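Counting convention: from 1, in listed order, for ligands and their atoms alike. All values derive from a computational prediction rather than experimental measurement. All heavy atoms count here, side chains included; hydrogens, waters and symmetry mates do not.
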Amino acid sequence: MPSSVTVYEVGPRDGLQNEPKSIRTDVKVTLINMLTDAGFKAIEATSFVSPKWVPQLGDAKDVMARVRRAPGVQYPVLTPNMQGLTGALASGCREVAVFAAASEAFSKRNINCTVEESLKRFEAVVTAARKEGVAVRGYVSCAVGCPYQGAVEPEAAAAVGAALHGMGCYEVSMADTIGVGTPASMERMLQATLRQVPASALAVHCHDTYGMAIANIASALRMGISVIDSSVAGLGGCPYARGATGNVATEDVLYLLDGYGIRHGIDMDAVLRASEYISGALGRPNGSRVARALLARRADEEAKAAKAAAKEDAGMAVAAAVAA
Ligand SMILES: CC(C)(COP(=O)([O-])OP(=O)([O-])OC[C@H]1O[C@@H](n2cnc3c(N)ncnc32)[C@H](O)[C@@H]1OP(=O)([O-])[O-])[C@@H](O)C(=O)NCCC(=O)NCCSC(=O)C[C@@](C)(O)CC(=O)[O-]
């Protein structure tokens with residue numbers, strides 16, 4: 001197990017990209033600022049992708065112009081091509097992400113090209129970004145399963161991960177896009193990937209469709225992975241991955257890490273505030289079980305304290321009446 005872990009917050013991007021109702025830019029900016037206050041060192045803020053493909057993130061430029069950027073915190077954005085990179089650089093982004101897939105069908109639906117074409121395109125993006133001193137992260141979507149093709153061979157995911165790492169991505173996040181993985185399939189995929197990419201350059205990105213995300217992350221931690229992607233309040237889902245639910249909730253990951261005594265540097269109370277804020281703004285129940293449990297416990301404690309204070313006040317009033 002690693003002694004410390006980076007929790008890579010993807011809620012403002014992965015979490016919001018699939019929301020059916022339009023979300024105001026100021027809500028996105030407030031969420032990112034609250035996450036900054038919680039102590040994250042990486043907050044994936046938005047995507048410079050085609051607004052025809054992902055309308056919800058069509059305000060990427062405005063988000064990046066308005067967000068408060070704290071020193072030492074990265075606000076990475078997705079860039080599928082040179083056009084995206086140009087937009088990201090103009091907005092002052094210092095970290096970007098390219099996103100390939102381990103499945104041909106998903107690659108076509110998500111970015112309208114084959115896996116091989118995408119890798120060629122990304123190589124140009126990575127080279128240009130690095131020339132500007134901008135760090136590039138890579139994603140391998142559908143690393144264990146694809147909504148269109150079914151199970152994915154571990155070697156196929158590993159090969160795409162190795163290609164992204166080889167072209168200069170400082171880190172590659174292996175994504176269970178539709179949350180079908182189990183610890184067994186996750187371990188097989190990571191074992192294959194670790195033969196080609198060191199653990200220090202790997203992250204995991206788990207969706208929680210089948211409720212396996214926390215178990216999968218525990219497996220990844222045991223295999224030496226120390227960067228975990230998550231979304232506050234369990235927001236999210238990919239518009240091109242039918243049936244996929246949100247990412248693993250950040251609050252659930254923090255609770256897991258606390259249980260192992262693994263350092264993460266994030267303030268859970270501040271995350272809960274961000275979690276309640278965005279759940280309220282979207283008008284939906286909080287998607288994190290840990291957040292729901294902690295908030296219920298807090299409400300209980302506050303009600304008990306209020307009852308005790310009222311009892312004490314009543315006692316003092318009686319004593320005052322007797323003395324009079
Ligand atoms: C890649 C493309 C652009 C190809 O889409 P395309 O239609 O093949 O692109 P094109 O180059 O032919 O251009 C078509 C139009 O899009 C515009 N365009 C072209 N590029 C851009 C850009 N960067 N920014 C803004 N506009 C752009 C371009 O200017 C043109 O505009 P028009 O002349 O028709 O008015 C498109 O498929 C796309 O934007 N896909 C993004 C899909 C996406 O964001 N999916 C969700 C993120 S991936 C994910 O969620 C998985 C992940 C990362 O979370 C990990 C996991 O869980 O698996």
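Listed by number with element, the atoms of ligand 1 under 4.0 angstrom from any heavy atom of T177 are 56 (C), 57 (O), 58 (O). Close contacts of ligand 1 with N81, meaning ligand atoms under 4.0 Å from a residue heavy atom, involve 3 (C), 19 (C), 20 (N), 21 (C), 22 (C), 23 (N). Against a heavy-atom cut-off of under 4.0 Å, I111 is close to the following atoms of ligand 1: 1 (C), 4 (C), 37 (O). Contact atoms of ligand 1 toward N112: 6 (P), 7 (O), 8 (O) (distance under 4.0 Å to a heavy atom of the residue).
Residue contacts with ligand 1: P51 is included, with a non-hydrogen atom under 4.0 Å away.
Checking each of E95, R130, H165 against Y170 for a side chain to side chain contact (heavy atoms under 4.5 Å, CB included) leaves exactly one that passes, namely E95.
Residues V98 and C169 are in side-chain contact: their nearest non-hydrogen atoms beyond the backbone lie under 4.5 Å apart. A heavy-atom distance below 4.5 Å is not found between the side chains of P285 and R292. Taking 4.5 Å as the limit, every side-chain heavy atom of S47 sits out of range of all side-chain heavy atoms of V77.
Of all the heavy atoms of V10, none lies under 4.0 Å from any atom of ligand 1, so neither backbone nor side chain is involved. For M174, no heavy-atom contact with ligand 1 is shorter than 4.0 Å.
Between E19 and R284 there is a salt bridge, since a side-chain N of the basic residue sits under 4.0 Å from a carboxylate O of the acidic one.
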